[in-house]
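Input: a single structure, listed below in structure tokens.
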Amino acid sequence: MSESMQLRRSMLFVPGHNAAMLATAHIYKPDTIMFDLEDSVALREKDTTRLMVFHALQNPLYKDIETTVRVNPLYTPYGHKDIEAVVRAGVDVVRLPMVSTVEQVLEGDRLITEIEQSCGRVVGSTKLMAAIESAAGIANVFEIAKCCPRLMGIALAAEDYVTDLKTTRSASGEELFLARSRIVVAARAAGIACYDAVHSDVNDEEGFITQARLAKQMGFDGKSLVNPRQIDLLHGVYAPTEDEVDHAITIVEAATEAANRGIGVVSLNGKMVDGPIITRAERTIALARACGMKVEL
């Protein structure tokens with residue numbers, strides 16, 4: 001495994017019409033900033049907001065952070081215009097909402113390819129993320145996840161999903177268990193990233209941490225966020241502890257020593273250490289380094 005990795009723990013929603021947040025969102029240091037052109041923007045403000053986000057994307061202050069834009073659905077009068085603007089502005093990732101079929105992703109891919117070719121961007125340099133927001137999307141998520149090389153990740157959008165199920169969100173999140181499970185497995189099978197849904201009650205820190213720990217345990221790379229106050233909480237959940245790092249170092253060192261001696265079986269404290277355990281240890285070390293922890297082998 002590479003000693004470095006791209007962190008995608010936190011993706012902060014920034015309403016595209018909020019000029020103050022457009023100018024300052026980078027100071028909160030999420031892993032990804034997602035400018036929103038969809039749900040947070042009134043219909044009468046769509047065109048103005050698109051222009052504001054177009055200029056924000058070209059701000060040098062955002063050059064060192066991954067930028068994503070949630071565009072409007074392609075079947076609306078705004079979706080194609082949104083993609084045209086943000087691709088030309090140099091966005092890193094386009095988030096397609098309400099994805100339930102492979103065809104929607106491929107339509108976005110075709111559109112982005114045409115724009116990249118026309119404006120001189122390297123074809124394929126703009127990535128796609130699919131937001132899964134319906135029962136149909138969850139049913140088709142394995143096909144969606146592997147349908148397009150441009151697709152870098154899939155994300156669960158819970159509010160529309162539970163509405164489609166004819167239920168509501170609960171503190172336990174049991175109504176999301178199947179959706180979360182399928183999204184994680186589909187992402188891992190396709191080799192792409194996956195994001196858990198937002199926790200919209202920004203005053204419920206305990207509930208947020210509980211859901212963040214669940215997302216980490218299930219295998220999500222991170223969560224979508226609606227408030228900067230949630231960033232440090234989330235990063236704290238995803239950061240490995242010193243004990244975890246020390247244990248990972250011990251495993252990797254034992255594996256390295258065994259390999260150098262030509263021994264096929266690694267033993268540590270009387271217990272066999274097999275391939276998956278070594279892989280997890282290497283991942284822990286890579287994550288620690290990506291989080292800024294000093295790790296020496």
Side-chain angles (χ1 to χ4, degrees), residues 1-11 29-32 66 92-93 127 129 141-142 144-156 173 176-196 209-224 231-297:
M1 182 175 185
S2 170
E3 293 187 355
S4 64
M5 61 165 57
Q6 180 170 355
L7 292 175
R8 287 197 170 103
R9 303 160 296 180
S10 54
M11 181 166 58
K29 301 189 183 305
D31 295 328
T32 301
E66 184 176 66
D92 295 314
V93 182
K127 301 304 179 183
M129 176 183 294
V141 70
F142 286 91
I144 291 169
K146 63 183 180 182
C147 74
C148 173
R150 193 187 293 274
L151 193 70
M152 53 69 66
I154 49 181
L156 175 61
L176 300 178
F177 182 75
L178 175 63
R180 282 170 163 160
S181 299
R182 286 181 65 86
I183 282 177
V184 170
V185 175
R188 296 297 165 251
I192 61 176
C194 53
Y195 276 103
D196 189 32
I209 291 173
T210 297
Q211 291 299 307
R213 287 173 175 164
L214 174 62
K216 179 186 177 185
Q217 182 62 29
M218 292 191 73
F220 281 94
D221 295 287
K223 283 179 71 68
S224 302
I231 296 172
D232 286 343
L233 296 175
L234 182 63
H235 289 184
V237 168
Y238 269 82
T241 66
E242 289 187 7
D243 287 345
E244 289 172 335
V245 174
D246 289 343
H247 184 59
I249 291 173
T250 301
I251 290 172
V252 171
E253 288 179 340
T256 301
E257 181 181 356
N260 290 338
R261 295 171 57 189
I263 300 174
V265 178
V266 182
S267 179
L268 184 63
N269 298 326
K271 297 181 180 179
M272 287 186 58
V273 177
D274 58 8
I277 294 175
I278 296 170
T279 298
R280 288 198 296 270
E282 291 173 336
R283 186 180 296 121
T284 296
I285 291 170
L287 177 59
R289 286 173 169 159
C291 291
M293 300 174 67
K294 187 176 182 179
V295 180
E296 296 182 358
L297 290 173

Side chain proximity check, [X] to [Y], heavy atoms < 4.5 angstrom:
X    : Y    : answer
V252 : E282 : yes
H235 : K29  : no
R180 : L156 : yes
I183 : F220 : yes
M152 : I192 : no
K223 : M11  : no
V185 : F142 : yes
D243 : H247 : no

| said: Run D221 and R188 through salt bridge (charged side-chain N to carboxylate O under 4.0 Å, His left out) and show every step you take. | reply: CA-CA 10 Å; D221 295 287; R188 296 297 165 251; 3.0 Å; yes
So which heavy atom on [X] is nearest to which on [Y], and how close?
X    : Y    : result
V184 : M218 : CG1-O, 3.3 Å
A190 : A145 : CB-O, 3.3 Å
P240 : C291 : CD-SG, 4.5 Å

Any chance you could measure [X], atom [atom1], to [Y], atom [atom2], to the nearest 0.5 Å?
X    : Y    : atom1 : atom2 : result
I251 : T279 : CD1   : OG1   : 10.5 Å
I209 : L214 : CD1   : CG    : 13.5 Å
C194 : M129 : SG    : CE    : 10.0 Å
I249 : E242 : CD1   : CD    : 10.0 Å

| task | Kindly determine whether L287 and L7 satisfy side-chain contact (heavy atoms from CB on, under 4.5 Å), including the steps that lead there. | result | CA-CA 8 Å; L287 177 59; L7 292 175; 3.5 Å; yes
| query | Does a sphere of radius 6.0 Å around NZ in K146 hold more than 12 heavy atoms from other residues, nucleotides or ligands, not counting ones at 6.0 Å or beyond? | reply |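 At most 12 heavy atoms, drawn from other residues, nucleotides or ligands, come within 6.0 Å of this atom.
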| Working for side-chain contact (heavy atoms from CB on, under 4.5 Å), residues V93 and T32 | CA-CA 10 Å; V93 182; T32 301; over 6 Å; no
| message | Using modelled atom types and a 3.5 Å cut-off, is there a donor and acceptor pairing between side-chain atoms of D31 and backbone atoms of R9? | response |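 Flag set: sc D31 to bb R9 pair under 3.5 Å.
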